[in-house]
Amino acid sequence: MAGRGIIWVLICGLAAAFAASGCNTDVAGPPGVDEPFSVYGILNPQLDTQTVLVSATEAELKPTAVTIDAQVTSTNLQTGVTRQWRDSVVTGPTGHVDHIFWADFRPDYGSRHRLEVRRSDGATTFVETSIPELITLEQEDTRSRHFIVTLYGEAFRPLHINAHYGVRAFYAYPGSERRNPSMPYSEFAVSVKGNEEQIEGGWRIPIDLNIKYESLRSRYYNEHSRSSEVFVGFANPSCDGLALEDMRVSVTVGSDEWDPPAGDFDPFVQSFPRAFSNVQNGFGFVTGGYEFDAPVYPSTTSLDDTWFWDSILNRTPHVFGCGHYVGA
């Protein structure tokens, strides 16, 4: 079912990503409490099917129960439309049973929803949450290798931020203008999480274009099972490297409810049911989020300050004594 993997992410780390990770974890609340349910999920405006994981607080005593006394509904608080969710039973390899409730709809960016889980005796767990607006990205030319992108939007938090480098090997023969960029293309993702700065109206993210260059170069050669000397065809590798063909930034966008204690997604802290919860009369975390992806490309001046070869202008960088090589 579309979107089911999202639930496991919440259980296994809260904001690891919005993709499947596969993890069996008991998310029921502690036994002996009055709250009827634990509920976890992410409402994603990019998916046609929404899912939440629901557990009764006494589930630790009945880990293989194939039925659950729960009715799940959601209401769009702006339109008033209410939907009934359906239960699906998922059995893990150890026989542990989970109840994943689902509904076919795509929430709007910027919408607000109320999710209710009701027991037959009327006891109800509920949560209200918002879907972040669709963010926008602007890039800033610092005229140096310190490339900057800024994300603008309302009430959101960037949970994962990756710079994706589309690269191709190049080499230039020392002492001549001969070069050859006709090598295989590869794309590598580099996390730039941790450098972001919250500003008015969004988040500012500096990216040092050189910081992972050597790592990317090694990954490229390893992916194509060649050393730099063999790859470029001559013994002096001082003028080989990577051409930057294209670049993009991907962001996992969450609502501003993703605000853990002390601002840190510490697994030890999150193991306590009440430590990071927005659910009322229950336990868990339900929020909105989605993936954002946008192409970017550093300016000519920025690339001139890096170790990447500018594939658009067909020039190598000032690095390793290569100088600039142009022509075929």
Side-chain angles (χ1 to χ4, degrees), residues 1-10 14-20 39-53 72-86 100-116 126-140 149-164 189 192-193 196-205 248-260 265 276-280 284-296:
M1 180 185 302
R4 181 172 295 168
I6 293 175
I7 303 302
W8 298 114
V9 174
L10 283 162
L14 292 174
F18 288 164
V39 55
Y40 292 84
I42 299 172
L43 302 183
N44 189 330
Q46 297 172 339
L47 299 179
D48 293 325
T49 301
Q50 308 303 311
T51 56
V52 292
L53 174 63
V72 179
T73 60
S74 66
T75 301
N76 185 318
L77 296 178
Q78 293 161 313
T79 66
V81 174
T82 297
R83 290 178 171 83
Q84 187 78 36
W85 294 48
R86 298 173 61 183
I100 298 179
F101 283 77
W102 59 276
D104 286 331
F105 73 101
R106 184 189 290 260
D108 295 330
Y109 292 99
S111 59
R112 186 163 180 82
H113 302 261
R114 177 185 175 94
L115 185 83
E116 293 187 356
F126 66 94
V127 59
E128 293 187 5
T129 190
S130 297
I131 312 299
E133 295 278 1
L134 184 61
I135 65 172
T136 60
L137 179 147
E138 293 184 6
Q139 61 185 72
E140 177 183 341
V149 297
T150 303
L151 307 175
Y152 290 103
E154 296 183 5
F156 80 97
R157 184 180 296 271
L159 304 178
H160 280 255
I161 313 167
N162 288 315
H164 300 261
V192 292
K193 176 68 176 174
E196 67 275 12
E197 173 191 3
Q198 189 168 16
I199 60 174
E200 183 177 357
W203 295 80
R204 185 175 184 269
I205 305 165
R248 61 188 177 91
V249 171
S250 65
V251 184
T252 302
V253 180
S255 70
D256 56 2
E257 294 166 323
W258 292 85
D259 189 17
F265 289 96
F276 186 41
S277 175
N278 63 346
V279 173
Q280 304 298 310
F285 188 65
V286 179
T287 187
Y290 59 88
E291 294 289 344
F292 175 83
D293 195 297
V296 297

Within the 4.5 Å heavy-atom criterion, are [X] and [Y] side-chain neighbours or not?
{"X": "Leu137", "Y": "Phe292", "result": "yes"}
{"X": "Leu134", "Y": "Tyr290", "result": "yes"}
{"X": "Leu115", "Y": "Thr129", "result": "no"}

Atom [atom1] of [X] and atom [atom2] of [Y]: how far apart are they, to the nearest 0.5 Å?
{"X": "Phe126", "Y": "Glu116", "atom1": "CZ", "atom2": "CD", "value": "7.5 Å"}
{"X": "Arg157", "Y": "Gln198", "atom1": "CZ", "atom2": "CD", "value": "6.5 Å"}
{"X": "Asp104", "Y": "Thr49", "atom1": "CG", "atom2": "OG1", "value": "4.0 Å"}
{"X": "Asn162", "Y": "His164", "atom1": "CG", "atom2": "NE2", "value": "4.5 Å"}
{"X": "Leu43", "Y": "Ile131", "atom1": "CG", "atom2": "CD1", "value": "4.5 Å"}
{"X": "Asn278", "Y": "Glu257", "atom1": "CG", "atom2": "CD", "value": "5.0 Å"}

Does the distance from a Lys or Arg side-chain N to an Asp or Glu carboxylate O, for Asp48 and Arg106, drop under 4.0 Å?
yes

Would the number of heavy atoms belonging to other residues, nucleotides or ligands and lying under 6.0 Å from CD of Glu154 be above 12?
no

Start with the C-alpha distance between Arg204 and Glu197, add both sets of side-chain angles, then the distance that settles side chain to side chain contact (heavy atoms under 4.5 Å, CB included), and finish with yes or no.
CA-CA 5 Å; Arg204 185 175 184 269; Glu197 173 191 3; 4.1 Å; yes

[X] side-chain N/O to [Y] backbone N/O, donor-acceptor pair under 3.5 Å:
{"X": "Glu140", "Y": "Thr150", "result": "no"}
{"X": "Asp108", "Y": "Ser111", "result": "no"}
{"X": "Trp85", "Y": "Gln50", "result": "no"}

Go through the side-chain N and O atoms of Ser255 and Ser130 and say whether any donor and acceptor fall under 3.5 Å apart.
no

Give me the atom names and distance for the closest heavy-atom approach of [X] to [Y].
{"X": "Arg83", "Y": "Val81", "result": "NH1-CG1, 3.8 Å"}
{"X": "Ile135", "Y": "Gly153", "result": "CG2-CA, 4.3 Å"}
{"X": "Ile42", "Y": "Gly288", "result": "CG2-C, 4.0 Å"}
{"X": "Trp203", "Y": "Phe156", "result": "NE1-O, 3.2 Å"}
{"X": "Gly289", "Y": "Pro132", "result": "N-CD, 4.1 Å"}
{"X": "Asn44", "Y": "Pro107", "result": "O-CD, 3.7 Å"}

The side chain to side chain donor-acceptor pair (under 3.5 Å) partner of Glu128 among Arg114, His113, Gln280 is Arg114

When you look at Tyr109 and Gln46, which way does the side chain to side chain contact (heavy atoms under 4.5 Å, CB included) test go after all the steps?
CA-CA 9 Å; Tyr109 292 99; Gln46 297 172 339; 3.5 Å; yes

